[in-house]
*Asks:* 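Before we start, here is the structure in question, set down as structure tokens.
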Amino acid sequence: MATFGQRLRTLRIENNLTQKDLAKLFKVSESAIGMYERDEREPSFKLTNQIADHFNVTTDYLHGRTNKPDSYETNMSFYGGSKNYTPDEIAVMEATLKAYREQLKKMKNDEKK
């Protein structure tokens, strides 16, 4: 499985950000970002959560515990469990939930401005 540093570097590159951009965004030094990416240093829990929120991934994904970036568990027990839904229905519900979470994130970012 990937390390935190590998995941952070990949996310940064995929989002066309430099280490300097991340440092400014998360209010840490550029050298700290480099050390995180080289797995020479680990960020605090607070910073790990901020990174996960910013890139819309789970902390389990960042830490290499899963390969699914948005692996929020599908918990449909409130409607009788996933066995009551087709794979297509589950996919639609998950996509809707993901869109909702992205809209919330955008709204929070807009409030900060």
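Here, residue 1 is the first one in the sequence, and each next residue gets the next number. Just so it is clear, the structure is predicted and the values come from calculations on it, not from any experiment.
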*Asks:* Would a 4.5 Å heavy-atom cut-off, applied to side chains only, mark T96 and Y100 as touching?
*Replies:*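 A side-chain contact under 4.5 Å is absent here.
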
*Asks:* Rounded to the nearest 0.5 Å, what separation is found between the CG atom of N56 and the CD atom of E102?
*Replies:*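 Interatomic distance, N56 CG to E102 CD, rounded to 0.5 Å: 5.0 Å.
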
*Asks:* Do any N or O atoms from the side chain of R7 and from the backbone of Y61 form a donor-acceptor pair under 3.5 angstrom?
*Replies:*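 The answer is yes, because a donor-acceptor pair under 3.5 Å joins these two groups.
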
*Asks:* Look at the side-chain heavy atoms of Ile, Leu, Val, Met, Phe, Trp and Tyr, link any pair under 4.5 Å apart, and say whether L25 and I33 land in one connected group.
*Replies:*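 Linked, L25 and I33 end up in one cluster.
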
*Asks:* Parallel, tilted or perpendicular: which one describes the rings of F4 and Y36, with boundaries at 30° and 60°?
*Replies:*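 Aromatic pair F4/Y36 classed perpendicular.
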
*Asks:* For the residue pair Q19 and E37, what are the closest heavy atoms and their distance?
*Replies:*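 Taking Q19 first and E37 second, the nearest heavy atoms are NE2-OE1, 2.9 Å.
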
*Asks:* Any side-chain to backbone donor/acceptor pair from D53 onto Q50? Under 3.5 Å, distance only.
*Replies:*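 Not a single qualifying donor-acceptor pair exists.
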
*Asks:* Mind checking the OG-CD spacing from S31 to E40? Nearest 0.5 Å is all I need.
*Replies:*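 One finds 10.0 Å between OG of S31 and CD of E40.
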
*Asks:* Let me confirm one number: the OG1-CZ distance from T58 to R65, rounded to the nearest 0.5 Å.
*Replies:*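 T58 OG1 to R65 CZ: 9.5 Å, rounded to 0.5 Å.
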
*Asks:* Quick check on the hydrophobic clustering: are L17 and L62 connected, directly or via other members, by side-chain heavy-atom contacts under 4.5 Å?
*Replies:*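 Looking at the clustering, L62 is in the same group as L17.
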
*Asks:* Counting only heavy atoms not in R38 (residues, nucleotides, ligands), do more than 12 fall under 6.0 Å from its CZ?
*Replies:*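 Yes, because the 6.0 Å sphere around CZ of R38 holds more than 12 heavy atoms from other groups.
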
*Asks:* Just checking E42: does its CD atom have more than 12 heavy atoms from other residues, nucleotides or ligands closer to it than 6.0 angstrom?
*Replies:*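 No.
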
*Asks:* Enter the distance from T3:OG1 to R9:CZ here, rounded to the nearest 0.5 Å.
*Replies:*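 Spacing of OG1 (T3) from CZ (R9) equals 11.0 Å.
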
*Asks:* Report yes or no: do M35 and L8 belong to one cluster of Ile/Leu/Val/Met/Phe/Trp/Tyr joined by side chain heavy-atom distances under 4.5 Å?
*Replies:*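 No, M35 does not connect to L8 through the hydrophobic network.
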
*Asks:* Could you tell me which non-hydrogen atom of T48 sits nearest to which non-hydrogen atom of P43, and how far apart they are?
*Replies:*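 Answer, listing the atom of T48 first, then P43: OG1-CG, 3.4 Å.
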
*Asks:* Quick check for you: to the nearest 0.5 Å, what is the distance between F55 atom CZ and T10 atom OG1?
*Replies:*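 Result: 10.5 Å between the selected atoms.
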
